[in-house]
Peer 1: 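I have a structure here, written as structure tokens, and I will follow up with some questions on it.
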Amino acid sequence: MGHSGHPPHIYNGMPAKHLGNEGWQKPWSGTNGGSCVEAMKLGDGRVALRQSTDPEGPALIYTTHEFETFLRGAKQGVADFLLASD
């Protein structure tokens with residue numbers, strides 16, 4: 001919470017700790033020793049992402065449309081180039 005109990009102004013790159021500790025989920029965690037991306041659905045529909053190994057670091061904030069577009073594309077394989085190794 002921000003000053004005087006008001007929610008903080010939410011912006012891309014803000015310290016993730018300002019979004020609190022409640023509501024973060026690790027849908028992509030597995031056998032990687034706990035190092036993963038954490039996600040939180042914000043009250044206005046936006047999505048926040050943070051790195052689990054740096055929970056106080058920056059949060060990336062995406063609109064609902066941006067995140068839906070990303071997920072659809074990932075499911076269709078358009079981001080597979082990120083997994084390819086040379």
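Nothing here was measured: the structure is a model prediction, and the numbers come from that model. Heavy-atom basis, side chains included; hydrogens, waters and symmetry copies ignored.
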Peer 1: For residues 64-74, tabulate all N or O donor-acceptor pairs below 3.5 Å that involve a side-chain atom, not counting sequence neighbours.
Peer 2:
| unit_1 | atom_1 | unit_2 | atom_2 | d |
| --- | --- | --- | --- | --- |
| T64 | OG1 | G45 | O | 2.7 |
| E66 | OE1 | T63 | N | 2.8 |
| E66 | OE1 | T63 | OG1 | 3.4 |
| T69 | OG1 | H65 | O | 2.8 |

Peer 1: What pairs with D44 under salt bridge (charged side-chain N to carboxylate O under 4.0 Å, His left out), at least two apart in sequence or on another chain?
Peer 2: R46

Peer 1: With side chains defined as the heavy atoms from C-beta onward, is the minimum distance between N12 and L60 less than 4.5 Å?
Peer 2: yes

Peer 1: Between L19 and M14, does the side chain to side chain contact (heavy atoms under 4.5 Å, CB included) criterion hold? Intermediate values first, please.
Peer 2: CA-CA 9 Å; L19 293 171; M14 70 183 291; 4.0 Å; yes

Peer 1: Determine whether V47 and L42 make a side-chain contact, defined as any pair of heavy atoms from C-beta on separated by less than 4.5 Å.
Peer 2: no

Peer 1: Taking atom CE of M40 and atom CG of L49, what is their separation to the nearest 0.5 Å?
Peer 2: 11.0 Å

Peer 1: Could you grab the distance from atom NZ of K17 to atom CZ of R50, nearest 0.5 Å is fine?
Peer 2: 12.0 Å

Peer 1: According to a hydrophobic-cluster definition based on side-chain heavy atoms being under 4.5 Å apart (Ile, Leu, Val, Met, Phe, Trp, Tyr only), do V78 and F81 belong together?
Peer 2: no

Peer 1: Rounded to the nearest 0.5 Å, how far does CD of E38 lie from CH2 of W24?
Peer 2: 7.0 Å

Peer 1: Looking at every non-hydrogen atom in both residues, tell me the closest pair between P55 and A16 and how far apart they are.
Peer 2: O-CB, 3.3 Å

